[in-house]
There are 2 protein chains.
Amino acid sequence: MKARILASARRLFGENGFSDTTTRMIARDVSIDVSTLHYHWGEKQDLYEGVIGAVHAEIMERFQEVERRCRDVDLARRLEIAIDIMCDYLFEHPEVANLILFGYFRKADHTAVLDINISQYITNIAVAMELAPTPETVSVRDRARILAVWHSVLNFIAGRNYFRPMLDVAPVPYVRVVKETLKFILVPAFTAETQASRKS
Amino acid sequence: MKARILASARRLFGENGFSDTTTRMIARDVSIDVSTLHYHWGEKQDLYEGVIGAVHAEIMERFQEVERRCRDVDLARRLEIAIDIMCDYLFEHPEVANLILFGYFRKADHTAVLDINISQYITNIAVAMELAPTPETVSVRDRARILAVWHSVLNFIAGRNYFRPMLDVAPVPYVRVVKETLKFILVPAFTAETQASRKS
DNA sequence: AACGATGTCCATCATATGATGGAAACAATC
DNA sequence: GATTGTTTCCATCATATGATGGACATCGTT
């Protein structure tokens, strides 16, 4: 039951955000009483943290997958692999994109465990892309650049119901358009610079 | 008074979103009673629409400025001008970035006037960049690409308190990092393709 | 000064929401 | 079958919030 509540909370928090999701909505979605929810998860905030924690763990798994599949591959291909994996994951779990973006806006204490640690994600990607040898040596520029792309992925997916009609494409092609767009923007930028620095 | 309420509402809605901003918060910010607020603006939703309307008008003005300053300038420079103008404007009015992003998530009727019409913005930029001769002829690809950059701008600014410490830069350099990052990503991507197509 | 229009505040209402206590159902162990 | 621990539900509370009605104030016009 605790797990069923978590799953429902994850979906609803993702759809409506923290404030616009009531404990009663979640309870009704699972067909239980509100007090049962509180029995298992304590207060609303605790349930929310449970959701964030689970999502965080999932994302870290995906990054490890990126790292595994990027070994002995050149930069352009590494970027493509990273985009493909993250897009596939997020399109399959679109509530994750929403949850992360909602997190930006929460006026909570951003030092808490509650927060999804974006910095960690960014650094992980940078290292997986071999833009730097270790997490400590990732430059501000590279982090900012990865961040920009990470934003784009999240926004394309969190705002899919908004942007898809605007682009006038069906759901399946939309995935393709998003991937192509990201690759189009990202790959030339990074590979061009790397080639230039290698020439010297 | 009506204007003072609007200004306060704009700031607070931008900080907290629609649901987490109460009419009492706004009233207290302007040092008036809640009923005075309702007297001037009707229900909360109407006030919110007032804010969105004002912001929308402001943004359209900026796009016209972009268009003016982009005449008789080559593509790379046009892109830089657009990024500079929009970044300067949004860094000066960061609540605008928040309001637009909050709009993505609102579960409202997205056909209403309430919505900030992103599609219109995107098309306007594409035409100003001379990626297409008329608004009707802007391709899906170009719209998606502009959209991706537009996302990045908004996220960098809406999430500035989140990302700036993460990048470990001071407020002033942060603006520079954001602009540089956007240009780094955007300019090569678009100019490379244009050059390629012009070569043939 | 009288009057009406406009603006502002106080008191109040109805509702939604987070949360809890206690009773009842259920399950496991002896 | 009794006992104990766990889970679920019903009833209820305290509070926050959107919203309104009516009284008072302010100001310009006559």
Side-chain angles (χ1 to χ4, degrees), chain A residues 1-55 95 98-99 102-103 105-110 112-115, chain B residues 1-55 95 98-99 102-103 105-110 112-115:
Chain A
M1 175 54 68
K2 196 173 179 181
R4 280 177 57 202
I5 298 172
L6 187 73
S8 174
R10 173 172 167 158
R11 190 171 56 79
L12 291 171
F13 278 137
E15 279 178 18
N16 314 308
F18 182 79
S19 300
D20 287 343
T21 304
T22 69
T23 53
R24 281 172 171 82
M25 283 169 62
I26 301 170
R28 217 177 53 192
D29 191 61
V30 193
S31 303
I32 57 169
D33 189 87
V34 210
S35 51
T36 304
L37 183 149
H38 281 100
Y39 170 77
H40 285 288
W41 284 99
E43 57 185 49
K44 189 184 176 185
Q45 186 78 12
D46 297 333
L47 174 56
Y48 186 74
E49 291 183 25
V51 170
I52 297 296
V55 166
E95 79 281 1
N98 290 40
L99 284 165
F102 275 130
F105 299 118
R106 298 220 52 201
K107 301 268 288 184
D109 181 9
H110 283 314
V113 190
L114 176 73
D115 268 335
Chain B
M1 176 54 65
K2 196 173 178 181
R4 280 177 58 203
I5 297 172
L6 186 73
S8 174
R10 174 171 166 158
R11 190 171 56 79
L12 291 171
F13 279 137
E15 280 177 19
N16 314 308
F18 182 79
S19 300
D20 286 344
T21 304
T22 68
T23 52
R24 281 172 170 81
M25 284 169 62
I26 300 170
R28 217 177 55 193
D29 190 60
V30 194
S31 303
I32 56 169
D33 189 87
V34 211
S35 50
T36 304
L37 183 149
H38 281 99
Y39 170 77
H40 286 287
W41 284 99
E43 58 183 49
K44 189 183 175 185
Q45 185 79 12
D46 297 334
L47 175 56
Y48 186 74
E49 291 182 25
V51 170
I52 297 297
V55 165
E95 79 280 1
N98 289 42
L99 285 165
F102 275 130
F105 298 118
R106 297 219 54 200
K107 300 271 284 185
D109 180 9
H110 283 315
V113 189
L114 177 75
D115 267 335

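Chain letters run A, B, ... following the sequence lines, proteins first and then strands; every chain starts at 1.
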Protein-nucleotide distance (A:Lys2, atom NZ; D:dT7, atom C1'), rounded to Å: 13 Å

Among residues 6-14 of chain A, which ones have heavy-atom contacts with DNA chain D below 4.0 Å? none

Determine the minimum heavy-atom distance between A:Ile26 and A:Leu37, stating which atoms define it. CG2-CD1, 3.7 Å

Is any side-chain N or O of A:Thr36 closer than 4.0 Å to OP1 or OP2 of D:dC9? yes

Separation of atom CG in A:Leu37 from atom C1' in D:dT8, rounded to whole Å: 12 Å

Provide, to the nearest angstrom, the distance between the CH2 atom belonging to A:Trp41 and the C1' atom belonging to D:dT6. 17 Å

Exercise: identify the closest heavy-atom pair between B:Val51 and B:Leu99: CG1-CD1, 3.8 Å

Degree of bending in the helix from C:dA1-D:dT30 to C:dC30-D:dG1 once both end axes are built from five pairs, to 10°: 0°

Heavy-atom pair with the smallest gap, counting every atom of B:Asn16 and B:Phe102: C-CZ, 3.9 Å

Rounded interatomic separation in angstrom, taking CG from A:Asp20 and P from D:dG18: 12 Å

Residue pair B:Gly17 / B:Thr21: nearest heavy atoms and the distance that separates them: O-OG1, 2.7 Å

Least distance between heavy atoms, B:Leu6 atom then B:Ala54 atom: CD2-CB, 4.4 Å

Rounded to whole Å, please give me the gap between CE in A:Met1 and P in C:dC26. 14 Å

Gap between atoms CD1 and C1', on A:Ile5 and D:dT8 respectively (whole Å): 11 Å

Over 60° means perpendicular and under 30° means parallel, so classify the ring planes of A:Phe13 and A:Phe18, tilted if in between. parallel

Using side chain to side chain contact (heavy atoms under 4.5 Å, CB included) as the criterion, list what pairs up with A:His38, not counting sequence neighbours. A:Thr23, A:Val34

From CG of B:Leu47 across to P of D:dA19 the rounded distance in Å is 10 Å

Under the side-chain hydrogen bond (donor to acceptor under 3.5 Å, both in side chains) test, which residues partner A:Ser8, sequence neighbours left out? A:Asp29

Short side-chain N/O contact to C:dT6 OP1/OP2 from B:His40, under 4.0 Å: no

For A:Thr22, enumerate each residue passing the side-chain hydrogen bond (donor to acceptor under 3.5 Å, both in side chains) test, keeping only those at least two apart in sequence or located in another chain. none

Are any protein N/O atoms closer than 3.5 Å to N/O atoms in nucleotides 11-17 of chain C? If there are, list each pair with its distance.
none

Output yes when at least one side-chain N/O atom of A:Tyr39 is less than 4.0 Å from OP1 or OP2 of D:dT7, else no. yes

Are side-chain heavy atoms of A:Thr36 and A:Val30 found at a separation under 4.5 Å? no

May I have the distance from A:His38 (atom NE2) to C:dG18 (atom P), rounded to whole angstrom? 7 Å

Are side-chain heavy atoms of B:Arg11 and B:Glu15 found at a separation under 4.5 Å? yes

